[in-house]
Amino acid sequence: MQKQLDKIYDPAKVEDRLYKFWVDGGYFHAEADPEKEPYTIVIPPPNITGQLHMGHALDETLQDILIRFRRMQGRATLWLPGTDHASIATEAKIVAAMAEEGITKEDLGREKFLERAWEWKRQYGGRIVEQLKKLGSSCDWDRERFTLDEGCNKAVNEVFIRLYEKGLIYRGERIINWCPTCCTSISDAEVEYEESDGNFWHLRYPITDGSGYIELATTRPETLLGDTAVAVHPDDERYKALIGKTVTLPLVNREIPVVADTYVEMDFGTGVVKITPAHDPNDFEVGLRHNLEVINVMTDDAHINEKGGKYAGMDRYEARKAIVADLDEGGFLVKVEPMKHNVGHCYRCNSTVEPRVSKQWFVKMEPLAKPAIDAVKKGDIKFVPERFNKTYFNWMENIRDWCISRQLWWGHRIPAYYCADCDEVMVTLDAPCKCSKCGSTNISRDEDTLDTWFSSALWPFSTLGWPDDTDDLKYFYPTNTLVTGYDIIFFWVARMIFSGLEYTGKAPFDTVLIHGIVRDAQGRKMSKSLGNGIDPLVEIEKYGADALRFTLATGNSPGNDMRYVPERVEASRNFANKLWNASRFILMNLPDDEPAAHLPEKLSMEDKWVLSQYNRLVAEVTDNLDKFEIGMSVQKLYDFIWDVFCDWYIELCKVRLNSEDKTAAATARAILVYVMTGVLKLLHPFMPYITEEIWQTLPHDGESIMVSEWPKFTESLVFDEDEREFGRIMDAIRAVRNRRAEMNVPPSKKAKVYIDTVYGDTFRKGAIFFERLASASETEVQEGVEVENAVSIVTVDAKIYIPLGELVDLAAERARLEKEREAVLKDVAFVENKLNNPSFVEKAPEKVVAAQREQLARHQEKLAMIDERIAALK
RNA sequence: GGACGCUUAGCGCAGCUGGUAGCGCUUCCGCUUGACGUGCGGGAGGUCAGGGGUUCGAGUCCCUUAGCGUCCACCA
C-alpha cells in the first residue's frame, strides 16, 4: 500500500467527510462520567433568523478550541448547542412576510400566527445550525436546544412564578421605551442612543392670572399636549414668586401648576421645564412627587390619540410641525435654536423610541444585582480580560428595573391571569378555571410574552434540565467557560449571572471569555447597509474551515477587536499546506509496517534538540490555553511547525533517511512520527480537519485524533546540553549561509568547509549538516586549522573557512572582519557598561547578572577569534 | 459628564509576572535544493504617539497631553 497524498491540501475533499465521521463516531456526545472531571460550555444561541457571520465564526472557533482541548485532556466535555427564538426579530420577519401577502397578525389571530411562526422556525431555524457545523464545531448535537422549547418554557414559568411570589416581579404603570414600529415595549438595554440634529423650541406659557409669561424650551414640542405642570428649581429667585401659581397650556388651554423640584437645573435653558409625566422618565418622577396627572397622548404606532384634540390622528412628526406652526401663530413661540441631542433608537429596527407610560411587567433588580456583583467581586466569576469587570459593575450598580413584557406573540407567554370582575391577578402554571378571590369564571390570560433575554438568561441551566434536579444538571452545572462578545455583556451575561445565582444558588460559569468584534480590512464594522460583510461560508469554501479558524485565532487578544484581512487567511491556508506537505514527506519515507509514534532508545543530538523544543512547546501551549491565551498558543505552534520542525528538523533528517544506516533511518522516522503526531494533537483544537486527516494517515493508535490524549510535558525529554550543542551548529550554518548569500554565491557552487573549533565533538557530529544545509561539498573539523585563500566566518564557537577560489578577496575579508569587530565591540561595551554599574550588580536578581556575565564572555570570545583572524590576514 | 480601549517596521497585529523589540503580508537579493514556489536561503525596514515619574534597568508599572475608537449616563 503506497500512501500518497495530493501535493496541495484540498479542504473540500476532507471536511464534510470528517465531520460526518466525528458525528457518526459519537465523539461530540457527552455523558456524565463520575470518573472524569466535567468541562461545559453552553453556546451563545444564535438567532433562528440569523445567517452565520464572522462574529459567530470567531465565537464558535474560540469555543471549539477550548472544548477540543479539554476533551483531549480527558475531561467529560460538553458543548451544548442551540438557537434563540429572538422574539422581536423573528416576529418582525414573519409579519413582514405576511405583509407581502396582504395580511396582518390580527387577521390571522394568535393561534394561526404561532402556527405560522413555528413553521417558519422549522424551515429556517436549522439553517444556522448547519452553518455552525461547517466550521467544524464539536457540539453535542444530541442535546440541541431552543429557547422556546418545552424545557425552556418550563424553566421560564417556574422562574416567573417564583419571582412573582417573592415580590421580585411586579406589574405596574411605568415609563418604558416604546418602539412604534415593533409595537412593543423594549428594555433600557435595547435602546441605542445616537446624537442627531434637532431643535430647541423656546416657548412661552401664559401665567393664568395674566401677570405675564413663563419661558421654557423643549426638544419635543408635540408632548406639550400631555403637559400637566411646569417646574422650576425651588431656590431659583427668578421664579420663586410663581411657585403655586398656574399657567395656561397653549393650544390646549389646560390650567397647569408651577411646581418646585430640585430636578430642574437652574443653569440650563431658561431654568423652567415643562412636565409631561406620560412621555418622559424624569417628568414621570416629578409627577409622582407632585401628584400630577399623567396624560398619555400617543397611540401604539406613535400617532396623537384622542386626548390630543385637533391633532388626534396625526403622526408624531406631523403633529410636531402643526403644533409648532400653531404656537408660532398664537405668539407662543419665542425662538427656535438648533441643537444636537441624543435620540434613542430601537436596537432591532432603528425606529426612534418613544418613552411613554404603560402597564408592563418588571423585574425588581436591586435585590438580584447585589449577589451578582459580589460573585464577580469575590472572584467566583472571572472576566477575561479583567477590565470588563468594570463595565459589568458599572451596569449592575446603576441598573433599573427590567421591563420584561413584550406586546408580541412569538415568545414565552406570561403565566398571569386576570379576573374581569374583580381585577384579581393570578400567576400560576396552569390556567385557573375560576377567580381565586371572587370565584368568577370570567378569566383571561395576559396577552403578552416575555423578553427573549428572559429565557436566554436561564440558558446555562434550563438546557440541563432545571428546574428538575437532573443528573446532567448535577454533573455539568455550573458550566465552566462562557465565550461571548463584549457587546452582549449587558443583554445576556449579566442576566445569566443574577439568574443563576438566584435560581440555582450557583454562579452559572466560572469564566467569561470576552472577545471583540470582527471588522473589515479598513477597520469598519461589518454591516448589511455598508455591504462590507464577509461571509464565513464563502471563506471556508475558498480556503477551508481550518484556515478560517486559524486566522480568527491568531493575532487576537481577548477583548480586542480584530480586522479581517484576506491576506491573513491566505497565510493560514499556506500554513495548512505546509503542514500537509511535511506529512507528505514523512509518509513518503515510511514503510507500511511503521509502528505508531514511539521514542527509540538511541537519540542523536538533533533528535534531542527537537524533542526538547517540542516538549517545551507542549508545556507552553498547554499553559497558554489554560490561561485563555489562545492567540499566543497558536503563534507558538506556527513558529514551531514551520521553523523548527519543517525548516530545520525535516531537513536534518534527510541525511539519515537517505543513508545506508538502517537504524539511524529508523530513529529519524520514529522521531519524525513522534513529533509530528504530537504537534498534530496540539494543533487539532485550532485546525481540526487537516490534523485529523493527516493523523489518520500516519501510524496511529485509536480511532480519532479528537479523542486522543493531549500531549504532556515530560521532564526527561528536556536535553539542555544537546540544545546548546546543536545551537552551535545552527549558528554556524546560518553564518555560512549568510556569508554565501552576501557574496552572491549560488547554492550550486559547492566548496569544502573547514571548521576550527574547540567544540570538536559537537561539530564532527554536525559536520554532515553543512553539506545538506550550507552547500558544503565536504566538511573538515580540526582545531587550529588554517586555510589560505579562503572566505572566513567567525561565530562565537568556531572559525570557518571556505576556499572559494577566485571569489576570495583578502582585502574585502579584512574589511568585513573589521566591521564585524566594531559590532562585537559595541555589544561588549553594552554589557560591560551594565556590569560596571554597581547598583545593577547589587540590585538586579542574581540570575540576570549571571546571564549578563555569560553574555559578556561570549562576546569576548568572539572578539578574540575575530582578532586572531585579522592578525592572520596581515 | 464618566469609564474603558487603541496608538509598536510601508500595511495588519503579537509582546505573559519590567532585563539590549517579534510575527504575517509587502519589499529587495539569490535559488528547478527529490515534502511544499501556497516553497527555500539571505537582507532591508522601528528614538515602541508626545512629555514627566518610579527603577540599576520601562514597549512593559504610575502620572499627564494628544489623536482615534467603544461603552455608559444624559440637562428638559
Side-chain angles (χ1 to χ4, degrees), chain A residues 5 7-9 193 200 216-220 223 231 263-265 267-276 280 282-283 286 341-342 385 387-388 390-391 393-395 398 486-487 489-490 516-517 521 523 543 547 551 554-557 559-568 570-589 620 623-624 627 629 631-632 635 638-639 646-647 650-651 654 658 734 737-748 772-775 826-827 830-831 833-834 837-845 847-849 851-852 855:
Chain A
L5 298 179
K7 207 167 169 179
I8 285 176
Y9 172 62
Y193 289 91
F200 209 30
L216 48 78
T218 178
T219 53
R220 291 189 298 157
T223 61
Y263 152 69
V264 179
E265 295 269 339
D267 307 334
F268 188 80
T270 59
V272 184
V273 186
K274 65 191 258 320
I275 300 297
T276 322
D280 182 279
N282 292 311
D283 292 8
V286 174
H341 65 135
N342 280 334
R387 69 180 128 95
F388 286 100
K390 250 188 170 161
T391 312
F393 289 141
N394 183 46
W395 193 72
N398 298 299
Y486 57 69
D487 49 335
I489 293 177
F490 304 138
I517 58 174
Y543 302 104
T551 304
T554 315
N556 170 348
S557 53
N560 288 356
D561 290 351
M562 65 187 305
R563 295 189 196 197
Y564 191 85
V565 184
E567 290 77 22
R568 288 190 49 222
E570 259 173 64
S572 303
R573 188 267 323 260
N574 294 353
F575 174 64
N577 195 239
K578 184 75 183 171
L579 183 71
W580 182 254
N581 276 289
S583 70
R584 206 161 71 94
F585 170 78
I586 295 174
L587 283 168
M588 281 168 56
N589 284 284
E620 286 176 26
D623 184 53
N624 285 142
K627 295 193 210 140
E629 294 163 353
M632 275 220 239
Q635 184 66 49
Y638 181 96
D639 290 343
C646 291
D647 289 347
I650 285 184
E651 292 306 321
K654 287 178 180 173
N658 295 331
R734 276 195 276 248
R737 283 170 169 175
N738 180 325
R739 174 59 51 83
R740 290 181 60 110
E742 213 173 292
M743 295 175 65
N744 268 323
V745 187
S748 52
R772 183 85 224 169
L773 303 176
S775 304
K826 262 190 192 164
D827 288 340
F830 181 87
V831 185
N833 201 27
K834 253 186 177 178
N837 181 348
S839 42
F840 170 74
V841 181
E842 208 176 292
K843 290 178 181 167
K847 256 178 104 174
V848 174
V849 178
Q852 291 298 315
Q855 187 76 265

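Below, chain A is the first sequence line, B the second, and so on; all start at residue 1.
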message = Under 4.0 Å from OP1 or OP2 of A35(B): is there any side-chain N or O of Lys654(A) that close?
response = yes
inquiry  = For a quick check of understanding: with a heavy-atom distance under 4.0 Å over all strands, which category does Phe388(A) fall into, base, sugar-phosphate or nothing?
reply    = nothing
query = Which of the following nucleotides, U38(B), G19(B), A76(B), is nearest to the side chain of Val848(A)?
reply = G19(B)
inquiry  = Using a 4.0 Å heavy-atom cut-off, does Val565(A) contact any base of the nucleic acid, only the sugar-phosphate backbone, or nothing at all?
reply    = sugar-phosphate
ask   = Between Trp395(A) and Ile489(A), is any pair of side-chain heavy atoms under 4.5 Å apart?
value = no
query = Out of C31(B), C56(B), C36(B), which nucleotide sits closest to the side chain of Ser839(A)?
reply = C56(B)
request  = Look at the side chain of Arg563(A) and decide which nucleotide, out of U20(B), C4(B), G12(B), has an atom nearest to it.
outcome  = G12(B)
query = Base, sugar-phosphate, or nothing: which does Tyr9(A) touch, judged by heavy atoms less than 4.0 Å apart?
reply = nothing
query = Taking OP1 and OP2 of C4(B), is either one under 4.0 Å from a side-chain nitrogen or oxygen of Arg387(A)?
reply = no
task = Examine the base of C36(B) for any acceptor or donor lying under 3.5 Å from a partner atom in the side chain of Asn577(A), and report the outcome as yes or no.
result = no
task = Between G41(B) and U26(B), how far apart are the P atoms? Round to whole Å, please.
result = 16 Å
message = Just N and O in the side chain of Asn556(A): are any of them under 4.0 Å from OP1 or OP2 of A14(B)?
response = no
inquiry  = I want to verify a distance call: between U20(B), C4(B), C56(B), whose nearest atom is closest to the Gln852(A) side chain?
reply    = U20(B)
inquiry  = Keeping Arg573(A) on the side-chain end and Ala547(A) on the backbone end, is there a donor-acceptor pair under 3.5 Å?
reply    = no
ask   = So does Glu629(A) reach the base of A14(B) with its side chain, donor to acceptor, closer than 3.5 Å?
value = no
ask   = Counting side-chain heavy atoms from C-beta on, which of C6(B), C25(B), G19(B) comes nearest to Asn560(A)?
value = C6(B)
request  = Check whether the side chain of Lys578(A) and the base of C36(B) form a donor-acceptor pair under 3.5 Å.
outcome  = yes
message = On RNA chain B, does the nearest nucleotide to Arg737(A) precede the nearest nucleotide to Asn744(A) from the 5' side, or the other way round? Give the residue.
response = Asn744(A)
message = Does any part of the side chain of Asn589(A), heavy atoms only, come nearer than 4.5 Å to the side chain of Lys654(A), both counted from C-beta?
response = no
inquiry  = Classify Ser775(A) by what it touches in the nucleic acid, base, sugar-phosphate, or nothing, heavy-atom distance under 4.0 Å.
reply    = nothing
ask   = Parallel, tilted or perpendicular: which describes the rings of Trp580(A) and Tyr9(A), with under 30° parallel and over 60° perpendicular?
value = tilted
query = Between Asn738(A) and G43(B), is there a side-chain N or O to OP1/OP2 distance below 4.0 Å?
reply = yes
task = Measure the distance from NZ on Lys7(A) to C1' on G37(B) and round it to the nearest whole Å.
result = 9 Å
note = Per atom distances to the Asn574(A) side chain, the nearest of G39(B), A76(B), U20(B) is G39(B)
Touch class at under 4.0 angstrom, heavy-atom based, for Ala571(A) against every strand present = sugar-phosphate
query = Taking atom P of C6(B) as reference, at what distance in whole Å does atom CD1 of Ile517(A) sit?
reply = 15 Å
query = Atom OG1 of Thr219(A) and atom NE2 of His341(A): how far apart are they, to the nearest 0.5 Å?
reply = 5.0 Å
request  = Consider the side chain of Asn581(A), meaning its heavy atoms from C-beta on, and name the nucleotide among C36(B), U38(B), C56(B) that approaches it most closely.
outcome  = C36(B)
Asn581(A) (side chain) donor-acceptor with Lys7(A) (main chain) under 3.5 angstrom = yes
query = Watson-Crick or G-U wobble partner for U54(B), using a 3.5 Å limit on both distances?
reply = none
message = For Asn394(A) and Asn398(A), which I'm curious about, is there any donor-acceptor pair between the side chains at under 3.5 Å?
response = yes
request  = Using a heavy-atom cut-off of under 4.0 Å over every strand shown, decide if Pro845(A) touches base, sugar-phosphate, or nothing.
outcome  = base
request  = Using both distances under 3.5 Å as the test, list the Watson-Crick or G-U wobble partner of A66(B), or none.
outcome  = U7(B)
remark   = 5'-most contact on RNA chain B (nearest-nucleotide basis), Glu651(A) vs Val273(A), goes to Glu651(A)
query = Is Lys578(A) close to Asp647(A) at the side-chain level, that is, under 4.5 Å between some pair of heavy atoms?
reply = yes
task = Measure from the side chain of Asp639(A), starting at C-beta and using heavy atoms only, and say which of G15(B), U38(B), C23(B) lies closest.
result = C23(B)
message = Strictly by Watson-Crick or wobble contacts shorter than 3.5 Å, is anything paired with U32(B), and which nucleotide is it?
response = none
ask   = In terms of side-chain heavy atoms of Asp827(A), which of A35(B), U20(B), G43(B) is nearest?
value = U20(B)
query = Counting side-chain heavy atoms from C-beta on, which of A35(B), A14(B), C56(B) comes nearest to Met632(A)?
reply = A14(B)
query = Which part of the nucleic acid, if any, lies within reach of Gln635(A) when heavy atoms closer than 4.0 Å are counted: base, sugar-phosphate only, or nothing?
reply = sugar-phosphate
message = For a quick test of reading the model: is some side-chain N or O of Thr391(A) closer than 4.0 Å to OP1 or OP2 of C4(B)?
response = no
key: Ring-on-base stacking C36(B) with Trp580(A) (under 5.5 Å, under 30°)   = no
